[in-house]
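In what follows, a single structure is set out as C-alpha cells and then discussed.
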Amino acid sequence: MKNKKMDIRPYTKQFYKGNVVYFIFALCETLLGAIGALLVSWLIQQLIDLIGGYETGFSLLQLTVITLVLIGGIAVANMISYHSKPKFITRGISQYKEYVFGELTKKNISAFFGENSSTYISALTNDIQTIEQGYLWNTFSMLESLLTFIGAMVLMIWYSPLLTLIAIGLSLLPLIASILTGNKVAVEEKKVSDRNEAYTSTLRDSLGGFSVIKSFKAEAQMIRLFKENVRELAKAQCGKHKMRILVQMFGSVAGITAQLGVFIFGAYLALSGKGVTAGTTMIFVQLMNYVLSPIGTIPTCIAERKAAKALIEKIANALNANVRDESESEHKELAHRITVKDLSFGYEPEKQVLTNINCTFELGKKYAIVGASGSGKSTLLNLLMASYQNYDGKILYDDMELRNISSSNLYEIESIIQQNVFVFNATIKDNITMFRDFPEEQINEAIRLSGLSALIEEKGADYLCGENGSGLSGGEKQRISIARSLLKKSQVLLVDEATAALDAETAYQVSSAILCLDGVTSIVVTHALDEALLKRYDGIITLKNGSIVETGTFDKLIAEKGYFYSLFTISQ
C-alpha cells in the first residue's frame, strides 16, 4: 500500500494569499510577452514581404510606427513584470516562511530532543531558493514557453514554410546593456546576503531557545521578531529581483530594437533601389526558436517544479510530527497539588525509563529529585512539562489529567529552568521579559529577587547578551532564567540540573535563590548533594533505575541509611 501523501495545499496557498492581484498582473505580462514575441515574428514577415514587393496592406511608414508601438508595448509589459513579479514572488515566499515558522511553534516543547533542527533551518534557507525558482518563477517560464510554442505552430502552419535559410543579423546592443547594468546585480546580491545573515541568526536563536519560547508563551513575540527579519530580507530580495528584471528588460528591448532595426533599414535600402536580399524564411527562423526552445526548457521546468513540491511536502511532513493534541480545558492554575500515579514511560517500546512512579508535589513546597545518572530524573520533569503523551498511568494537576490541559494553559501554570539556559541575542531586559511588555516595578522586582541587580548596575538593562548569551557568565544566564519565571509568575518551577555547569559558589547562590521563591512549587533535579541546601527542601525523591526507592526529608533519609544515604556519603 502506498503511503498517503501529505496535503501541501495549506503551504502553497501562502504564495497567493492576499497576493492574487500581483499574480494576475504577472500572468498578464507573461501573456503579453508571448503575444509580443509572436507579433515581432509577424512584423518581420510584413517587412520582408514589403521588401519583396508583395502587397502587405501597410506602408513602410505604417510598419515603422507599428514597430515603435510594439517596442513601447514590450517595454510596458516588462515594466509590468518589473513591478508585479518581484512583489508576487517575495510576498509569496515571505508568507510561506511565516506560515512554516508559525506551524513550527505549534510543535511539542520536546520537539528537538529527537528531531534534527537543521531540517527546519534548511527548509527556511537553502530550500527556499529551490522553491522560489522551481515552483514560482518556473510557473511563468512554462506558461510563456507554452504560449509561444502554440502560437508559433499556428503561424507556421498558416504560412507553410518553404525555405530554411537562417540569416539574422547580430547586434551588440544586448551585450552593451548587460555590461552597463551587470555590476548593479552584484550590489543587490550583497544586500541580500547581509540580510540573510541577520535572518539566519534570528532563526537559530528561535530554534535554540524553543523550549524557553514555549514555556514562557512567547510564540507571538518571537513570530513578530521573525516577521521583521523576514520582511527586511524580502525587501532586499525584491530589490535583487527588480534589478535582474531591469537588466533583462534592457537586454530584451535592445535586442528586439536591433533586430527590427535591421529589417527596417533593409526595407529602406530595398525601396531605395540599393538592393537587399529578401527572404520570407526569416519569419520561420524566428518561429523555430519558439518551437525548439520549449522542447528543451519545459521538461526542465517540470522537473524543477516537482523538486520544489517535494521540498514543500518534506517540511509539511516534518511539521506534522510531534504536535501536541490540544484540549479545550480551562484549567489555568494549580489549586492544590500535582499527583503522579502509577506512571511508566519509555522512549522506545519495551524499554522503560520510568516504572510505576507515585509521588505528590504540594502547592508552594520545594522538592529535590536525586539519583544516579540515567535514573530517569530529567524524563520525569519532561513528562510534567507535557513533552510526551504516550505514558501509562496518570499525571494530575489537581484533578485534571495532564493530557487534557492545553499547552497554553499548562504554560500559564509552570515553566522550566534547564542546565543550558538559552539567552537570545538581545538585551538583558528583553531576555527577562521574553520581548513582552510588563510594568517596570514588576521587572525590577524580578531582577531583585533573582539576584540580577549587580549585573544590571554594572552593564545596564540594555546590554546586548550576544549570541546565546556569549557576553554573560553561566550564573548570570541562570539568574536571567529565574527572573523570567518570576516575572511570568509561574506557580510551578521545574529545574533540571540548572547548576551542573556552574562553580560551587555560583551553584549554591542560584539554588538558594530558587529555594527562596515564596509561593512557588519548585521541583528541582539536582546532582549537587549539598547538606545545607537539601535540608531546605520539603521533600526529597530518590530515583534508581527508573523507580522511586525513597522519599522524605533530608534528616529522615539520612537516618534510614538507605540508597540516598549512600549517594550522599559518596558525594562528600
Side-chain angles (χ1 to χ4, degrees), residues 1-24 26-27 30 84-108 111-112 114-146 192 195-196 199-200 202-204 206-207 210 219 222-223 226-227 229-231 233-234 236-238 240-241 297-323:
M1 182 182 292
K2 292 184 178 180
N3 292 330
K4 185 178 179 181
K5 282 194 172 184
M6 188 72 188
D7 184 8
I8 64 171
R9 286 176 295 179
Y11 295 84
T12 56
K13 282 180 180 178
Q14 304 308 311
F15 299 136
Y16 307 99
K17 186 176 67 176
N19 209 13
V20 174
V21 172
Y22 287 118
F23 179 62
I24 290 174
L27 286 180
T30 301
S84 63
K85 282 185 179 177
K87 284 285 188 181
F88 169 71
I89 298 293
T90 55
R91 177 179 288 185
I93 286 293
S94 295
Q95 291 177 167
Y96 171 81
K97 289 178 182 176
E98 291 168 8
Y99 181 79
V100 169
F101 190 79
E103 292 298 296
L104 187 57
T105 64
K106 296 178 182 178
K107 295 176 75 68
N108 284 357
F112 299 110
E115 293 187 49
N116 191 344
S117 63
S118 64
T119 298
Y120 303 99
I121 294 176
S122 177
L124 288 167
T125 53
N126 299 333
D127 294 354
I128 290 295
Q129 301 300 320
T130 301
I131 293 170
E132 181 178 322
Q133 179 61 45
Y135 197 90
L136 297 180
W137 284 107
N138 276 352
T139 297
F140 304 111
S141 299
M142 291 172 63
L143 180 60
E144 186 169 7
S145 294
L146 186 61
V192 172
R195 291 311 312 167
N196 191 60
Y199 161 75
T200 303
T202 299
L203 180 60
R204 189 183 298 113
S206 301
L207 293 175
F210 188 78
E219 293 94 336
M222 290 310 302
I223 289 172
F226 183 79
K227 283 183 177 180
N229 279 274
V230 166
R231 287 165 184 170
L233 178 58
Q237 289 175 327
C238 186
K240 179 191 73 172
H241 293 317
T297 58
I298 287 181
T300 301
C301 288
I302 292 174
E304 290 178 350
R305 188 175 176 86
K306 286 182 178 179
K309 289 179 70 175
L311 291 176
I312 296 173
E313 187 173 353
K314 176 184 175 182
I315 189 62
N317 281 318
L319 290 171
N320 193 50
N322 286 327
V323 177

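Worth knowing before you read on, the calculation uses all heavy atoms, side chains too, and leaves out hydrogens, waters and symmetry mates.
Taking the six-membered ring for Trp and thresholds of 30 and 60 degrees, Tyr135 and Phe15 have ring planes inclined between 30 and 60 degrees apart. Between Phe88 and Tyr16, the ring-plane angle classifies as tilted under the 30° and 60° cut-offs.
Salt bridge absent: Glu98 and Lys17 never bring a charged side-chain N and a carboxylate O closer than 4.0 Å.
Distance alone, capped at 3.5 Å, places no donor-acceptor pair between the Ser145 side chain and the Met142 backbone. When atom types are taken as modelled, the side chain of Tyr22 and the backbone of Pro86 share no donor-acceptor pair closer than 3.5 angstrom.
Residues Lys309 and Ile131 are not in side-chain contact: their nearest non-hydrogen atoms beyond the backbone lie 4.5 Å or more apart. By the 4.5 Å heavy-atom criterion applied to side chains, Lys227 and Met222 are not counted as neighbours. In this structure, the side chains of Ile89 and Glu132 come closer than 4.5 Å at one or more pairs of heavy atoms. You'll find the side chain of Phe210 stays beyond 4.5 Å of the side chain of Tyr120, heavy atoms only. Using a 4.5 Å heavy-atom threshold, the side chains of Val230 and Phe101 count as separate.
Atom CD of Glu103 is separated from atom CD1 of Ile315 by 10.5 Å, given to the nearest 0.5 angstrom. Within the model, atoms OH of Tyr99 and CG of Leu104 stand 12.5 Å from one another, a figure rounded to the nearest 0.5 Å. Residue Ser206 holds its OG atom at 9.5 Å from CD1 of Ile223, rounded to the nearest 0.5 Å. Taken to the nearest 0.5 Å, the OG1 atom of Thr90 stands 9.5 Å off from the CD atom of Gln95. Expressed to the nearest 0.5 Å, how far CD1 of Ile128 lies from CD of Gln133 amounts to 13.5 Å. Separating the NZ atom in Lys97 from the CZ atom in Phe226 is a distance of 7.0 Å, to the nearest 0.5 Å.
For the pair Arg91 and Gly18, the tightest heavy-atom approach, listed with the atom from each and the gap, is NH1-O, 2.8 Å.
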Report task. Quick one: do Lys85 and Thr30 satisfy side-chain contact (heavy atoms from CB on, under 4.5 Å)? Show the steps, please. Result -> CA-CA 10 Å; Lys85 282 185 179 177; Thr30 301; 3.8 Å; yes
